[in-house]
Amino acid sequence: MQARGQLMKEHRVIERMISLIEETAGYIRKGNRIDPELVDIAVDFIRTYADRTHHGKEEDILFKKLDEKGLSTEDRRMMDELIADHVYARKVVQKIEQANARYRNGDESALDRIEENLRALVDLYPEHIEKEDKVFFPASRNYFTDREEEALLEEFMEFDRLMIHEKYDSVVESYAKKASSG
């Protein structure tokens, strides 16, 4: 498997979650209340899986290696757009999290902010993924030898191995704080 093949498999998982997020946003738009924990799950998924794990491999490994290769002007522009999309998604997730906290504390108007920002993710990700899958990833393949491609895939796997430990170390710490304060 090529390194970008792993990223594309992750895109399929992200697309599935974005579809579920779209359903949640539609439910809110129809005037329904939602369980704040459902929003927490979406925030955790986008923050941990889509951003920290998936975008982490792109930014911390693939894009850094491409920087060393001297990208064409067009490929550089595309990579910069993709990074800007990642930054935007982080800001949107933060807004969702803040609105969800307000909603949890009884601010019904925060539901509109949750819905608006869930929609922002729904609007962003399909186009972003298509740019990567159909334009950027094929173009970036031209910068690597087969051996370099294999090394990228190995780095991706090591990155994932470390991420699972980081994620659950954080879960344990969060649980310990809640348990000691309650």
Side-chain angles (χ1 to χ4, degrees), residues 1-28 34-66 78-101 103-104 113-137 140 152-178:
M1 174 193 305
Q2 294 181 357
R4 274 152 304 292
Q6 181 176 346
L7 297 174
M8 291 170 77
K9 282 175 54 177
E10 292 170 6
H11 282 165
R12 305 299 72 84
V13 177
I14 293 166
E15 287 169 336
R16 176 71 178 124
M17 181 55 114
I18 291 300
S19 175
L20 295 169
I21 288 171
E22 185 172 26
E23 288 176 22
T24 301
Y27 190 74
I28 296 169
I34 58 163
D35 182 345
E37 288 187 30
L38 192 62
V39 177
D40 290 339
I41 292 168
V43 164
D44 180 63
F45 176 87
I46 297 296
R47 184 173 280 147
T48 304
Y49 186 83
D51 188 38
R52 184 74 182 96
T53 304
H54 177 76
H55 296 163
K57 282 194 283 279
E58 290 174 346
E59 293 177 10
D60 297 343
I61 300 171
L62 178 61
F63 294 175
K64 283 185 180 182
K65 298 282 187 199
L66 286 167
M78 177 68 71
M79 189 167 82
D80 290 344
E81 279 181 30
L82 296 171
I83 292 168
D85 286 351
H86 296 172
V87 170
Y88 173 73
R90 289 178 193 120
K91 290 177 183 176
V92 170
V93 167
Q94 185 175 24
K95 289 177 185 178
I96 295 168
E97 185 175 47
Q98 291 167 347
N100 199 39
Y103 178 62
R104 214 181 224 112
R113 297 294 72 75
I114 293 170
E115 189 267 339
E116 171 186 312
N117 286 291
L118 290 175
R119 289 244 174 248
L121 292 177
V122 169
D123 291 342
L124 171 70
Y125 271 99
E127 184 179 321
H128 176 82
I129 287 171
E130 186 170 350
K131 276 192 277 187
E132 287 183 341
D133 283 357
K134 294 185 178 174
V135 180
F136 190 74
F137 289 168
S140 69
L152 273 173
L153 186 57
E154 287 178 26
E155 284 188 64
F156 285 179
M157 289 188 293
E158 177 65 11
F159 188 92
D160 282 347
R161 189 184 70 71
L162 295 173
M163 279 302 305
I164 192 78
H165 294 287
E166 181 180 304
K167 165 70 176 167
Y168 288 101
D169 285 347
S170 172
V171 167
V172 169
E173 286 302 314
S174 176
Y175 188 90
K177 285 179 188 174
K178 288 183 184 198

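If you're wondering where the values come from, they're calculated on a predicted model, not measured in any experiment. Numbering starts at 1 and runs along the sequence shown.
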Hey, does Met17 have a side-chain heavy atom less than 4.5 Å from the side chain of Ile41? yes

Between Phe137 and Glu58, does a side-chain contact (heavy atoms from CB on, under 4.5 Å) hold up when you go through it step by step? CA-CA 10 Å; Phe137 289 168; Glu58 290 174 346; 3.6 Å; yes

With sequence neighbours left out, write down each residue that passes side chain to side chain donor-acceptor pair (under 3.5 Å) with Thr48, or none if nothing qualifies. Asp44

Can you confirm whether Arg12 sits close enough to Asp133 that some side-chain heavy atom of one is under 4.5 Å from a side-chain heavy atom of the other? yes

Test Ile21 against Ile46 for side-chain contact (heavy atoms from CB on, under 4.5 Å), laying out the working first. CA-CA 10 Å; Ile21 288 171; Ile46 297 296; 4.1 Å; yes

Applying salt bridge (charged side-chain N to carboxylate O under 4.0 Å, His left out), name anything that partners Arg16, two or more places apart in sequence or on another chain. none

Which residues pass the side chain to side chain donor-acceptor pair (under 3.5 Å) test with Lys91, sequence neighbours left out? none

Matching residue for Glu59 among Arg90, Arg52, Lys64 - test: salt bridge (Lys or Arg N to Asp or Glu O under 4.0 Å): Arg90

Does the side chain of Val93 come within less than 4.5 Å of Asp51's, by heavy atoms? no

Using salt bridge (charged side-chain N to carboxylate O under 4.0 Å, His left out) as the criterion, list what pairs up with Lys95, not counting sequence neighbours. none

Do Lys57 and Asp160 have side-chain heavy atoms sitting under 4.5 Å apart? yes

CD1-CD1 distance between Ile34 and Ile28, expressed to the nearest 0.5 angstrom: 3.5 Å

Please name all residues satisfying side chain to side chain donor-acceptor pair (under 3.5 Å) with Lys65, sequence neighbours left out, ordered by chain then number. Glu155

Do Arg104 and Asp40 have side chains that approach each other closer than 4.5 Å (heavy atoms only, starting at C-beta)? yes

SB check Arg119 Glu115 (cutoff 4.0 Å): yes

Does any non-hydrogen side-chain atom of Val43 lie less than 4.5 Å from one of Asn100? no

What pairs with Arg161 under side chain to side chain donor-acceptor pair (under 3.5 Å), at least two apart in sequence or on another chain? Glu158

Less than 4.5 Å apart, side chain to side chain, heavy atoms only: is that true for Phe136 and Leu66? yes

Reference residue Tyr125; test side chain to side chain contact (heavy atoms under 4.5 Å, CB included); the match among Leu121, Val122, Asp123: Leu121

Please round to the nearest 0.5 Å and tell me the distance separating atom CG of Leu7 and atom CD1 of Ile14. 9.0 Å

Would you say the side chain of Glu23 lies within less than 4.5 Å of the side chain of Ser19, judging by non-hydrogen atoms? yes

Starting from the C-alpha separation in whole Å, work towards a yes-or-no answer on side-chain contact (heavy atoms from CB on, under 4.5 Å) for His11 and Ile18. CA-CA 10 Å; His11 282 165; Ile18 291 300; over 6 Å; no

Indicate the ring-plane relationship of His55 and His86, choosing parallel, tilted or perpendicular according to the 30° and 60° boundaries. parallel

From CA spacing to verdict: side-chain contact (heavy atoms from CB on, under 4.5 Å), Leu152, Arg4: CA-CA 9 Å; Leu152 273 173; Arg4 274 152 304 292; 3.8 Å; yes

Between Tyr88 and His128 (judged by ring centroids, cut-off 6.0 Å), do the two rings come close enough to count as a pair? no

